[in-house]
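Lettering of chains follows the sequences in order, A, B, ..., and the numbering in each one begins at 1.
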Amino acid sequence: MRISLNWLNDYIDLSGYTPENISFHLTDLGLEVEEFTKEEPLPQSIVVGQILEAKPHPQADSLRLCQVDIGQENPLEIVCGASNARAGIKVAVATVGTKMPSGLEIKSAKIRGVDSSGMLCSEEELGLSDASEGIWELEHDKVVGAPVQSILPPPDAYLNLNVTANRGDCLSYFGVARELAARLGKSLKTPTLSYKPSGSINTNDILSLKITESSGCSRFYALYVNNVSPEPSPTWLKKRILSTGMRPINSIVDVTNYVMMETGQPIHAYDACMIKNKVLGVRRAEKDERLKVLDGTTINLENDDILIVDGVEPIGLAGIMGGEHSEVKDETQAIVIEAAAFDAIQIRRTARRLGMNTEASQRFERRINQEQTLFAAQRVADLLYIIGKQKGGGGDKEMPQISSNLVSYAPKSLAFAPILFRLSRLEKIYGAARIGLTECQQIFSALGFAISDAAKENEFMVTPPAWRHDIEKEIDLIEEIIRHHGYEHVPYSLPTMAITPTPEDPFIAFTDEIRKTTSYLGFSETISFPFHKEKTFKAMRIGEGHAFYPTVALLNPLSEDEKFLQTSLLPSLITAICRGQHHGQKGARLFEVGRCYFAASARKTLIAETNAYLDSLKINGRYIYHHEGHADPSERPIEKLMWAGIIDQPYQEKGWRNGEIKADFYTLKSILASVCKFLDIGALKLEAVRGEDFPFLNPKSAATLMSGGTALGYLGELHPELAFNFDFKQKDLPLVFEINVEQIFKAKFNESPSVLTSIPRFPGVTRDFALMVDSEVTHEKIDELIAHFPKKTNLSHWSLFDLYTGSGLPQGKKSMGYRFVFQHLERTLKDSEVDSECEKLLNHLNQSHGIQLRQ
Amino acid sequence: MDLSILGKNIAAVLEQFFTEVETTMGQLSPEKFEQLRVNFLGKKSPISGLMTELKNLSKDEKPQAGKMINDARQTVEGKLNELKTQAISWEIEAKLSGEALDISLPVEGFDNKGSAHPVTLMRRILVQSFRHLGFTVYDGPELDFEFFNFTALNLPPYHPARDMQDTFHIADHKDLMMRPQTSTVQIHAMLREKPPLRIIAPGRVFRCDSDPTHTPMFHQIEALVVDENISFADLKGTIDVLLKSIFNKDLATRFRPSYFPFTEPSAEVDLMCTVCMGKGTDCRVCKGTGWLEVGGCGMVHPNVFEAVNYDAEKYTGFAFGFGIDRLAMLKYRLSDLRTLFEGNHKFLSQFPISAS
């Protein structure tokens, strides 16, 4: 809410306080001042003048040549284009040399051959209004020659208040002034009604109420005012309406808005002629009803919307916006002022559904002061009366006629229940005994709370005023006290409590270890949004129904095509790499740890699968924290924490010591081995992938990471088709991996820690053999054969040191060089012993797979 | 064989030795030295040969002859010892005499060292600071029911405060949404644990909002303390200590009344600007105010305790939430929030692996 300090000064005497001062207090009371602006005074060189003579310009019919008296010896000659420039009126004259609020400097100039020394100003040019026709005509009593600023209110300051959702009462000048008055120890000045009701008209003759909706409407007042003229508002009113951020329309609409800002009570004025059958009512809408509202749109109503109706049809959407048909128009002569209280929840529902967030709906949603609704209706009439008088009408003919009675609907009086306030509880919450009972009582009284005695000492009963819907419990009363006393006075202390009462989930620390380890291995961590387009999944070759196809979508995504929640971190990583390549980046290594979302839907098999997954992760009977609160996986999608990385090419650029090194499957394998070593996770195995399981991987150079029978994730090269589906700039595709952190965590738990063996003191004997092997026999197979060599006695370990495929070998064969190390724990081995074991080993290999020594 | 012949032989051996020493001197290396030693003191050396001739001498001459051979051996050994020291020092000298390395040559892959995300770094700093104060880390789901997101947090349906967060709702799942704040974890933790409680919950949160200063996903850290005598003063003290430790500077804190449905009283926490140290003038970071908004806090609302079946009269507590991204931006002097989530390797790789 934007507050004008000049306006605020109507309700609380702020003389002696600077805008900065007031701003500090409001912020300190929880009415945060987000911004404040000070108005610049008008330059002294803009003065009151009187047009002595206005002749048509000899060269241009549309211009006038004015002789203007500004209290100097000779009148000024000023050329003016406004049609209302005429002899006798008092005007604002910007003399030569004036810098206007717009920045324009007034110079003496020849206009169509005639010298003009100054400018006659419009309200708009003086910054007093947003639009104006012709020049500003000042009241006749203004003294010629006086600076215009001296006849205006002092330069104003405007504060933008951030009013929190609980303080509907502070969406009004009354509310803000009340808070300030309580803080500054000032009294609140509330306006009193001054209008004389007309004896000749009676609202009852004009209409009767028909409220069929008691749950949606708790107050309804209608007041008839005749003989009104919807002219532009006087300058002071226009300026105040502008200061709120609204646009001045006409004096009637402006006054209703003015009173809304003043009291917080939204008000609507109807053209009395447009209310059919002399009935004004409130009812719920019926489905398929439609209403054209003030801003010109036609809205479709729903069953529960609250409507204002006349005897025939809807004329307004209650609490949100009036109908177009019955709005006040230029020719309106009589109006009905409506002030009412509507159900906060229903107003919010309707406003949200229609996306209509109006000044009125904001106030109704936050609940209004029903005890003030009647006053607000009368206050509108009162202001119309005051404006009529200001216009100098004087004669009764030109004054609005205000009905002496209203039609009203106020079935129940609103009474908040008294709440017990205990000084001891205040002290417990506050943390010290610093505030006395008297101060508490003072604060409550200043804020309009009623106090009565309670049974015990240092306790009393407090009844909130009608405008404080936010006060429900003792804690709310305590807040009022601490807030008005000042948060800054609360001392600083530290809680004293038992040490570390809460158990920590080891999974959380483990996840961070994974992050650290991946960073140590050369990857930069990235964090990306989990929202994806459907076409991204297509580009990943993931079809509908596939395990990687998204199953969780947003109802209200930021943009319709980014509605799917991720099932893999890979799309984000690939996108980041592509973008980097376009910026000329090479060899980037990125990783991310984040959750992926999977819905089990209503399919029984999937629900069972999901349940099994969750159960498998339980440690000591408890879920991992982020699976907390799981009732039924069909209702709540599961969130799997994934860890993924991508290695762009080349792995290492050409340097002065080395040539360029490309990343391949084995680079990745070695990195993952390092991670496992870092994290002490043993016994992980790779298995060949099935292409259809990971459609985005090249099945020829990819693997699944296994622990026992469980797949933890995958690693490998991207599928060649992705080179075309994504916007890669480099020819060589990146390498990727993605691993389920929950599963690898579980694997760490399940695998027994690595067993240490004793280290022999005697030197080993080494033998190298080049073996000729069928191409399709894997290293793993040979490894297994050696491990199960039945006559193994001293063979302690072996490794592959050479791999050769190519010319010089028979078709379908490859050469694999293995180094065998033989060792004895207690003595040095003899050559003959080793030779004999080697012979048996080679025999064993030959018998199993026809493996021969390469000649 | 007599002593005079032996004497001559010894003299000849010594002469030969010294001649060889002479010729070797210029190019003495450990290898040359070893050769010399083997040649003159080894099993097949002339001196060893002389020893075998002792048996040809008479009994009377033997002691004299032995002494002569021994003297000769000692002469050789003495000289060799002298040479050995020299040989080592010459070798060291030779090794040091070469050209020095150009230590400025680049090492490959220097641009490819890993890094942690600034949000991760800030989270670690926060978690560490909280751990010092006895907090433990808690976590909860990112997709959560209305009950955890709103109702249990004292935000009944159609409450205007629900506007404070523009929440993403999940299609086909009634009441399910992406958590707009980490406060949901308070509810999970309190439903699972009994008081006293002292937890933090860092995590991702989501709001349908995207402009230069808002991203649809960001990070918060939530703290919750519940016990029998927790006060607003404790809340102020805890936050003050934490912020000082995070920035490692004596920065003042300010508490302004505010409104959050799940706390009462509630406050906004302002931290003295870490850049201008509160001076304000012309500071871009705090826009001249001298203060930075870092989060919200308050005393746990009794309605929240009631929602999780805690005795609201017996227990009091406080909770607060900070934006991790905002703190990271302050710490690392970043000006554009969106760069955090763009995955630009060049930007990300500038960050360290460990926070300090």
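With a 4.5 angstrom heavy-atom cutoff, Lys516(A) touches chain B via backbone and side-chain atoms both. Looking at Val241(B), only its side chain comes within 4.5 Å of chain A, counting heavy atoms on both sides. Heavy-atom distances place the side chain of Glu293(B), and not its backbone, under 4.5 Å from chain A. Within the 4.5 angstrom heavy-atom criterion, no atom of Phe507(A) approaches chain B. Using a 4.5 Å cut-off between heavy atoms, Glu365(A) touches chain B through backbone and side chain atoms alike. Looking at Asp648(A), there are no atoms closer than 4.5 Å to chain B (heavy atoms on both sides), in backbone or side chain. For Thr238(B), the parts sitting under 4.5 Å from any heavy atom of chain A are the backbone and the side chain alike. Looking at Thr253(B), the atoms closer than 4.5 Å to chain A (heavy atoms on both sides) sit in the backbone and in the side chain alike. Interface remark: Leu494(A) contributes backbone and side-chain atoms alike to the contact with chain B (heavy atom separation under 4.5 Å). With a threshold of 4.5 angstrom between heavy atoms, Leu565(A) approaches chain B through side-chain atoms but not through N, CA, C or O. Interface remark: Tyr520(A) contributes backbone and side-chain atoms alike to the contact with chain B (heavy atom separation under 4.5 Å). With a threshold of 4.5 angstrom between heavy atoms, Phe347(B) does not approach chain A through any atom at all. With a 4.5 angstrom heavy-atom cutoff, Phe147(B) does not touch chain A via any of its atoms. Contact annotation for Val490(A): both backbone and side-chain heavy atoms come within less than 4.5 Å of a heavy atom of chain B. With a threshold of 4.5 angstrom between heavy atoms, Arg167(A) does not approach chain B through any atom at all. Of the atoms belonging to Arg124(B), it is side-chain heavy atoms, and not backbone ones, that fall under 4.5 Å from chain A. Looking at Asp175(B), there are no atoms closer than 4.5 Å to chain A (heavy atoms on both sides), in backbone or side chain. Only the side chain of Leu176(B) comes within contact range of chain A, judged by heavy atoms closer than 4.5 Å. For Val226(B), the part lying near chain A is the backbone, with the side chain staying farther off; criterion is any non-hydrogen pair under 4.5 Å. For Leu105(B), the parts lying under 4.5 angstrom from a heavy atom of chain A are both the backbone and the side chain. Heavy-atom distances place the side chain of Arg579(A), and not its backbone, under 4.5 Å from chain B.
At most 12 heavy atoms of other shown residues, nucleotides or ligands fall within 6.0 angstrom of atom CG in Asp172(B).
Between chain A and the residues Met178(B), Lys194(B), Arg192(B), Met177(B), the most heavy-atom pairs under 4.5 angstrom are made by Arg192(B). Put simply, of Glu142(B), His219(B), Arg256(B), the one with the most heavy-atom pairs under 4.5 Å next to chain A is Glu142(B). Most heavy-atom pairs under 4.5 Å with chain B, from the set Phe531(A), Tyr430(A), Tyr487(A): that is Tyr487(A).
Here Phe255(B) pairs with nothing under the ring-ring contact (aromatic ring centres under 6.0 Å, His included) rule; sequence neighbours left out. Judged as a salt bridge (Lys or Arg N to Asp or Glu O under 4.0 Å), and not counting sequence neighbours, Lys287(B) has no contacts.
Taking the six-membered ring for Trp and thresholds of 30 and 60 degrees, Phe529(A) and Phe341(B) have ring planes inclined between 30 and 60 degrees apart.
Using a cut-off of 4.0 Å between Lys/Arg side-chain N and Asp/Glu carboxylate O, Glu592(A) and Arg204(B) are scored as salt-bridged. Under a 4.0 Å N-O distance rule, the pair Arg422(A)/Glu313(B) qualifies as a salt bridge.
Taken to the nearest 0.5 Å, the CD atom of Glu264(B) stands 4.5 Å off from the CG atom of Asp476(A).
Across every non-hydrogen atom of Arg425(A) and Ala312(B), the tightest pair is NH2-O, 3.0 Å.
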